[in-house]
Number of protein chains: 4
Amino acid sequence: VTRSSSHGQVIDLNSDVGEGFGIWKVGDDDALLGIITSANVACGYHAGDASTMRHVCEVAAVRGLSVGAQVGYRDLPGFGRRYIDMAADELANDVLYQIAALDGIAKAEGTRVAYVKPHGALYNTIAHDECQAAAVIAAVKAFREGLPIYGLPGSVSLRLAGEAGLTPVPEAFADRAYTARAGLVPRQHAYAVLHDAELIAARVVQMAIEGTVVAEDGSTIAVAPRSVCVHGDTPGAAAIAGSVRAALEAAGVEVSAVTA
Amino acid sequence: VTRSSSHGQVIDLNSDVGEGFGIWKVGDDDALLGIITSANVACGYHAGDASTMRHVCEVAAVRGLSVGAQVGYRDLPGFGRRYIDMAADELANDVLYQIAALDGIAKAEGTRVAYVKPHGALYNTIAHDECQAAAVIAAVKAFREGLPIYGLPGSVSLRLAGEAGLTPVPEAFADRAYTARAGLVPRQHAYAVLHDAELIAARVVQMAIEGTVVAEDGSTIAVAPRSVCVHGDTPGAAAIAGSVRAALEAAGVEVSAVTA
Amino acid sequence: VTRSSSHGQVIDLNSDVGEGFGIWKVGDDDALLGIITSANVACGYHAGDASTMRHVCEVAAVRGLSVGAQVGYRDLPGFGRRYIDMAADELANDVLYQIAALDGIAKAEGTRVAYVKPHGALYNTIAHDECQAAAVIAAVKAFREGLPIYGLPGSVSLRLAGEAGLTPVPEAFADRAYTARAGLVPRQHAYAVLHDAELIAARVVQMAIEGTVVAEDGSTIAVAPRSVCVHGDTPGAAAIAGSVRAALEAAGVEVSAVTA
Amino acid sequence: VTRSSSHGQVIDLNSDVGEGFGIWKVGDDDALLGIITSANVACGYHAGDASTMRHVCEVAAVRGLSVGAQVGYRDLPGFGRRYIDMAADELANDVLYQIAALDGIAKAEGTRVAYVKPHGALYNTIAHDECQAAAVIAAVKAFREGLPIYGLPGSVSLRLAGEAGLTPVPEAFADRAYTARAGLVPRQHAYAVLHDAELIAARVVQMAIEGTVVAEDGSTIAVAPRSVCVHGDTPGAAAIAGSVRAALEAAGVEVSAVTA
């Protein structure tokens, strides 16, 4: 098989960064920012603070990475991983606040918010909850018409994004096992998260070149993401992300931001 | 004495609004927004939340009021009234974050941040502290060149603002007693805050027409503000603000925003 | 009908107090504390702060009122009114933290936490959710064996409380309409909350004397609370609470704390 | 030189633990808890949360360590390292709240708060500020008469503690350079913090046996702490703490809690 850039495959690598708070840190942001093409920057509601945001934006601007608003529930103690049953208008305003805050900081560093990626429980909720999804979409649209928003393929959030004239960006997860119906295997299963760098890299290459991945039952299913999410918050995460990028480039896949 | 708009006197009336948080409210925002010309909107660090900010911006946009970023220390329990000894770069980033968040919300309502007014302990600190003042000025300048910033006449903050190419806006306080040297009488004095609406209105008219006010020792001192701050957080505050505006207009002073 | 204290009817009047935060206030605590017998004191997670807690405890101690821990989700922006899908052990620890903090403050004023009353979304959730209810009960039991906990008659929380050796205290709501099955009419219905002081007082007297109330469909249903909750956060709330107490005493019902 | 426990020297080793927040962690608590005798547990105002507090208390109870309340300013974004100019009564109530919350959690694990150690900017402030020191002392006394409180030798906080009938515990810092007047060399100096485990251990042994330490100018000064603080928040911190304990025991110094 000839694998060259003449294939035209292009993939974006996104990762969560800036997820510390004050003195507390998560992951190796500086290493990740040397590998990924799109930086999902926490905006202060579930993680992140103004100085961390500014540092990430500065590095992203220097390296030419896309800056995305990683918006979440207002829940620092829970890191945005807990569903909150909140009113749609309040959620919309909270999301708008976060995007705008990051955009102002990004502009001070010569870049700007190029996309939105909801975080944690909010991400999962708007994959299926029409009400909260509509609130998030309304906020993104109020901030800027046409803005890209990342989400699960087939999710309510991406459907509503398309209907609202935003740019839906379906993404896959590099280190997650998939069900035969192209869903993510829930985290409570022991095999839900992959840890082998070589295996993860090979799966991402297959996603990019073939548009498929092997599901938990051994079947080969269609997964054709425009972006692949690599995690940054575990030991060895940056090394895995580096392996993924190297394997993609070796396979002739162009690694570049959706929103460049 | 002929008092007409041919005098050319113009005064801005500013007031703090949007200083509630969640279910908690302060002052009668909707009444004040019918009287003032510039709305200092709390941005979520010492008071205010995204939904409150959006409501105020909506009303301000409809009424054609200027929207200002009322930035403060990150201190909801202390309402931004407690000095915090924080690093300059962190303060600058915190201020930028707040301005940007409000600006994004304002834009969703068809307006934008037209000026900055620091709040509480931050306002008082940067009247004399070079380090924190420089941090605030750097943040405002990073957000937008030339942006107006309100402050005490003679303060470090206004001096540095001028040097940085921002637009310093000296302001007076409608209901505060002045020392013979044009400073504010400290709040611990019983007569530091005036409560008589008629007296307050007459003083503001004198400030606007004559550029003077009677100090605590009976002397007449020079106070020529471009804007006058009326308070909104006490019972009867909106009534006093209304009296001030009516008296100004009766005296032929044009009441309009600095930043319109 | 002879209505005298020889009937032996005894009722407790409880109300939420200390629900401000910093400069923000809710309701007229000092008026309510002159009427009720049990003070549900917010503990800082959804409302309340250490100084407000101390003030309420001081007044409660002087007046001989019972102090209860009004525990809630950690959600100041949402006032604890939003369900949070949190892990049971984290919820238990959060509840224990709140009770303990209040107890220490109460002891500094010569009293102590005499009962627990969950707040808002937590109250409603543990009326039916076994997992969160068990977490709350475990926390209360870990704090003190046998402690009373208030709740809806028939709720999961009261059932588990009884099973755990705590003291379940079924309560009624003075100003809420009831369904024919003794549930509360949801707030979205226009008639869900009663506002007429005389009517409210009469209903509470009927609850205390007859153990019944007239439901929304006109039927008379059994409601035999040990405590009645009067609200404190609306204009006129203290006046209504005063009417309720006066009517109870006029009817010969003894008004005293469950936990005195 | 014969170094045996017949010397009678006894030293306490204290360290800050439980300083994470939600998903964020600082230091290797579990390793430290195997070395130290007194655990300064963050109480949620500048760091720490209920679940982290409970875990630390559980381990401390099992191992027989003393549990101390590491109280601080309410400043999660600043980790309590920023001075806040707050009113004395509010500070006292905030401190009482924190001690009480930890005590309740400790009791659920079969232990209790045995001492108080203020943190960061609060620790430094009350070493010289009479007003804030008095507030902290009042809070500790309100919580429990006679309770030990750690501080700098010669500090205002320890003086007021003694006057109030509390138990002042002067402490030294294992890894900090001292001035000739027995003060700590400010952190901005390159040599302010020592990193060599062997050197640190030898200094602590000298403190315990001889009651002296070599100051920055080479002079030998008197430092006779009842407790020595070992840091836990840097890489290798637990290893250094382990070296200190091993050296003390090898030198015949008894390592045990002040408050056991």
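Fair warning: this is a prediction, and the values are worked out from it, not measured in the lab. Throughout, a chain's letter reflects where its sequence line sits, starting with A, and its residues are numbered from 1.
Looking at B:Arg144, there are no atoms closer than 4.5 Å to chain A (heavy atoms on both sides), in backbone or side chain.
In terms of heavy-atom pairs under 4.5 Å with chain B, the best-connected choice from A:Ile105, A:Val95, A:Asp103, A:Asp49 is A:Ile105. Most heavy-atom pairs under 4.5 Å with chain B: of the set A:Ala139, A:Gly104, A:Ser51, A:Ala108, this distinction falls to A:Ser51.
B:Asn93 contributes atom CG, which lies 11.5 Å from atom NE2 of A:His55 (distance to the nearest 0.5 angstrom). Separating the CG atom in B:Asp94 from the CZ atom in A:Arg54 is a distance of 11.5 Å, to the nearest 0.5 Å. Put simply, NZ on B:Lys107 and CG on A:Leu96 are 11.0 Å apart, with the number rounded to the nearest 0.5 Å.
Smallest separation of non-hydrogen atoms from B:Ala50 and A:Tyr97: CB-CB, 3.9 Å.
For A:Arg159, the CZ atom sits in a packed shell: over 12 heavy atoms of surrounding residues, nucleotides or ligands are nearer than 6.0 Å.
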